[in-house]
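Some notes on the structure that comes next.
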Amino acid sequence: GAGVSQSPSNKVTEKGKDVELRCDPISGHTALYWYRQRLGQGLEFLIYFQGNSAPDKSGLPSDRFSAERTGESVSTLTIQRTQQEDSAVYLCASSFSPRGVQPQHFGDGTRLSIL
Amino acid sequence: AQSVAQPEDQVNVAEGNPLTVKCTYSVSGNPYLFWYVQYPNRGLQFLLKYITGDNLVKGSYGFEAEFNKSQTSFHLKKPSALVSDSALYFCAVSPTGNTPLVFGKGTRLSVIA
């Protein structure tokens with residue numbers, strides 16, 4: 001039981017291809033976050049799911065990026081027509097936040113390389 | 001808008017010496033502040049958080065952080081550094097506590113034996 005699980009751990013693909021990244025949050029965690037970490041940079045927020053509320057998509061960099069979450073379980077982040085600037089580590093985090101301020105728990109990320 | 005600054009890209013310290021990793025923040029309202037550590041090829045691990053109350057917050061692995069409202073700072077400290085503390089450290093702020101975090105760019109800590 002673990003922590004947040006992400007797959008694949010590494011993905012290499014050609015420019016223009018679509019990719020799908022998966023995140024399994026900690027069971028019972030209502031909130032799920034996707035972040036992007038470019039080499040030598042901090043983390044950039046992408047999208048946030050909280051329970052059954054509409055997701056906060058304000059961090060998605062372009063319409064090539066989308067994400068879904070089924071209930072309070074698995075989430076997938078999809079990048080269409082990948083570009084070289086999409087190369088980064090994509091990190092997923094979850095938290096249990098019905099009450100109080102809870103830390104986010106991170107997965108080990110998917111390292112995406114666009115050739 | 002919220003922001004976090006970590007003014008040092010790299011901090012070097014000798015094993016056994018005290019360490020400080022600096023962080024300043026900008027947020028409207030009361031800040032919720034966090035420190036995370038990242039080891040190579042791993043996700044971020046939570047170290048500690050400040051919500052309210054005592055300005056000195058104690059966290060995992062002997063780390064602590066001091067909240068200073070007048071200086072808008074939240075520096076990470078440890079009295080005696082270990083080689084195993086060598087990692088990338090991130091300071092983060094959340095405007096409401098349970099919303100997406102705004103991260104600093106990270107500080108690489110190297111503890112030299």
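Note: hydrogens, waters and symmetry copies are ignored here, and every other heavy atom, side chains too, is used. As the structure is a computational prediction, the values presented were derived from the model and not from experiment. A, B, ... follow the sequence lines: proteins, then strands. Residue 1 opens every chain.
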I need the residue from Ala92(B), Gly106(B), Pro100(B), Gly43(B) with the largest number of non-hydrogen atom pairs under 4.5 Å to chain A.
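Max contact count across the listed options: Pro100(B).
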
Assess whether atom [atom1] of [X] is packed by more than 12 heavy atoms of other residues, nucleotides or ligands within 6.0 Å.
X	atom1	value
Glu85(A)	CD	yes
Tyr61(B)	OH	no
Asn17(B)	CG	yes
Arg42(B)	CZ	no

Enumerate by number any residue of residues 66-75 of chain A whose heavy atoms lie under 4.5 Å from heavy atoms of chain B; in the absence of such residues, state 'none'.
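The list, in residue order, is empty: none.
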
Proximal to chain B - members of residues 104-115 of chain A, heavy-atom separation under 4.5 Å
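Gln104(A), Phe106(A), Gly107(A), Asp108(A), Arg111(A), listed by number.
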
Which atoms of Leu91(A) are under 4.5 Å from chain B, going by heavy atoms: the side chain, the backbone, both sets, or neither?
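Side chain of Leu91(A) only, per the 4.5 Å heavy-atom cut-off to chain B.
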
Is it the case that one hydrophobic cluster holds both [X] and [Y], taking links as side-chain heavy atoms less than 4.5 Å apart, direct or via other members?
X	Y	answer
Leu19(B)	Trp35(B)	yes
Tyr50(B)	Val27(B)	yes
Val93(B)	Leu48(B)	yes
Val37(B)	Val4(B)	yes
Leu43(A)	Tyr32(B)	yes

Under 4.5 Å from any heavy atom of chain A - which part of Leu101(B):
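Both backbone and side chain.
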
Engaged part of Gln45(B) at the chain A interface, taking heavy atoms whose separation is under 4.5 Å:
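No part of Gln45(B) comes within 4.5 Å of chain A.
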
Listed once per pair and sorted, the ring pair (Phe, Tyr, Trp, His ring centres under 6.0 Å) pairs that draw on residues 89-113 of chain B, sequence neighbours left out
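Qualifying pairs, neighbours excluded: Tyr35(A)-Phe103(B), Phe63(B)-Tyr89(B).
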
Sort and list the pairs that fulfil ring pair (Phe, Tyr, Trp, His ring centres under 6.0 Å) and have at least one residue in residues 43-85 of chain A, not counting sequence neighbours.
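Every pair satisfying ring pair (Phe, Tyr, Trp, His ring centres under 6.0 Å) with a residue in residues 43-85 of chain A: Tyr33(A)-Tyr48(A).
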
Side chains of Asp56(A) and Thr99(B): closer than 4.5 Å at any heavy-atom pair?
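In short, these two side chains do not touch, never coming nearer than 4.5 Å.
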
Specify the closest pair of heavy atoms between Lys49(B) and Gln102(A), including all atoms of both residues, with the distance to one decimal.
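Shortest heavy-atom separation between Lys49(B) and Gln102(A) comes out as NZ-CA, 4.2 Å.
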
